[in-house]
Amino acid sequence: MQLLIDIHQTETMRTILLFISVSLAVSAVYSLDNGLARTPPMGWNPWVRFRCTVDCVNDPENCIREELFMEMADIVASEGYKDAGYEFINMDDCWMSKQRDAQGILQPDPQRFPSGIKALADYVHSKGLKFGLYQDMGTETCDGYPGIWGHIETDAKTYAEWGVDYVKMDGCHNLGPTLFGEGFVNMTRALNETKRPIVFSCEWGFDMRAHNPNYTDIALHCNSMRQYNDVQDSWDQVINILNWYTWEQQVMSQVNGPGNFIDMDFIVVGDFALSFEQAQSQFALWSIMSSALLMSSDLRKMDPKMKEILLNREVIAINQDKLGKMGLMIYSKSPYEVWAKELDNDCFAAVIFSKATDMPHNFTVTMTMLGYPKLPYAVRDVINHKDLGTFVKDKPLSLKVNPSGVRMFKAVPSKKKGFKVY
């Protein structure tokens, strides 16, 4: 499919250089290959909304403590999130004590996690969910808690003993590109040796962008891959992340798929900054690009309209399609951008995104423009849950797109009757 992006005229040369880099992959003797993350991981993480709030006396509601994770597990299990596919309750930085114990074992903060991590993991498991935690491939975490360096085997065994299902590995305070990469390879081996199924989420590529990271190698060792800057509760930063992954889509699409998906960072739907249209756009765009879908918001105070976005099963189904293809931008001409994603069973999905700021505008597509000219397709609007009709080749499909908004649809060959309605 030809890429029609005016702003990317130098992409070919950059892609060649990056493919040279990824062709130098090391032996996959210690590749993860754990059978996990066959579709993009889905769950909840506190970081964007709660950061490193540790003053439980003055701010108990927002404090990083065991009660917060138990409350979120309760909500995910009881308010439709689990049924929609969200399964991980993950901790981020600031859960630890500042020191390991005398045997070098990580310890949770005793005031904020008095029951211990195993008890918290057991509670999350009792809700039919999975439990994840955070570490750092360096001497310290980003906020100054103990890093994993020098303790890889010990920590991997500890995670397994605690019943951890997901490990996010950050990259602050690392010891340089060579040791940093070796650390992730060694962590892969250590996780394999525990015999416990643990999803491994890596910020290997993100912290090594200045050193031409080998994305093929990273994909061999990681189930989920962060490659770019942290998201913030900011529309500008959402767009910044989207633009980077679009710029790198030819490389990312080669390493993205079942067992190792890109992670464009957290879904900030329901926080403070994004409008309703912007929230719909982030969720649709992260979904079509097959990113991990990890909410980072206060589920206790979720606006019903924002909750509806997060629980849209038709959009989630496109993210979770078993082929695991990354959606690609195929058109860009201000103010519109269009993505298309190949789906299982000869179907495809598309997103039309408007960067306009003034008013709604109509945009017209055809099946030929989207790269699917051979068959007639029954088209369904998956955001508004509405069938739009049957389209073939150059029959126009005209849709009104709100400023900062999206239209998203799924196309099914018309011979395959019916959509799955949620």
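- A donor-acceptor pair shorter than 3.5 Å can be found between the side chains of Asn34 and Asn223.
- Of all heavy-atom pairs between Gly324 and Pro258, the closest is CA-CD, 4.0 Å.
- Defined by atom type and a distance below 3.5 Å, a donor-acceptor pair is missing between the side-chain atoms of Asn45 and Tyr134.
- The pair Glu314-Arg380 meets the salt-bridge criterion, since a charged nitrogen lies less than 4.0 angstrom from a carboxylate oxygen.
- Residues Phe363 and Tyr331 bring their aromatic ring centres within 6.0 Å.
- Donor-acceptor pairing under 3.5 Å is lacking for the side chains of Glu248 and Tyr215.
- In this structure, Lys307 pairs ionically with Glu79, as a charged nitrogen and a carboxylate oxygen lie closer than 4.0 Å.
- Between Arg189 and Asn186, the side chains place a donor N or O and an acceptor N or O closer than 3.5 Å (distance only, hydrogens not considered).
- Of the possible polar contacts, none joining the Thr39 side chain to the Lys322 backbone as a donor-acceptor pair under 3.5 Å is found.
- Taking the centre and axis of the six-membered ring of Phe348, the NZ or CZ atom of Lys410 falls outside the cone set by 45° and 6.0 Å.
- Glu140 and Asp136 get closest at one heavy-atom pair: O-OD1, 3.0 Å.
- With respect to the salt-bridge test (charged N to carboxylate O, under 4.0 angstrom), the residues Glu87 and Lys127 do not qualify.
- Proximity of a side-chain donor or acceptor of Asp298 to a complementary backbone N or O of Arg49 within less than 3.5 Å is not detected.
- Salt bridge status for Arg226 with Asp263: absent, with no side-chain N to carboxylate O gap under 4.0 Å.
- In summary, the side chains of Ser115 and Glu66 do present a donor paired with an acceptor at a separation below 3.5 Å, with no hydrogens or angles considered.
- Ionic pairing of Asp381 and Lys386 is not present here: no N-O contact between side-chain nitrogen and carboxylate oxygen is shorter than 4.0 angstrom.
- Put simply, CG on Asn90 and OH on Tyr166 are 5.5 Å apart, with the number rounded to the nearest 0.5 Å.
- We find the CZ-CG distance between Arg38 and Asn260 to be 8.0 Å, quoted to the nearest 0.5 Å.
- Between Asp303 and Lys305, no side-chain nitrogen of the basic residue sits less than 4.0 Å from a carboxylate oxygen of the acidic one, so the salt-bridge criterion is not met.
- Using a distance-only test at 3.5 Å, with no hydrogens or angles considered, no donor-acceptor pair links the side chain of Tyr81 to the main chain of Trp44.
- Between Asp122 and Lys118 a salt bridge is recorded (basic side-chain N to carboxylate O distance below 4.0 Å).
- We find the CG-OG distance between Leu293 and Ser287 to be 4.5 Å, quoted to the nearest 0.5 Å.
- A donor and an acceptor atom, one from each side chain of Asp165 and His125, are located under 3.5 Å apart.
- Residues Gln282 and Val268 form a side-chain contact, since some pair of their non-hydrogen atoms from C-beta on lies under 4.5 Å apart.
- Residues Asp155 and Arg100 are paired through a salt bridge, judged by an N-O separation under 4.0 Å between the basic side chain and the carboxylate.
- With no hydrogens or angles considered, a side-chain donor-acceptor pair links Asp93 and Thr141 at under 3.5 Å.
- With rounding to the nearest 0.5 Å, the separation of OG in Ser253 from NZ in Lys341 is 12.5 Å.
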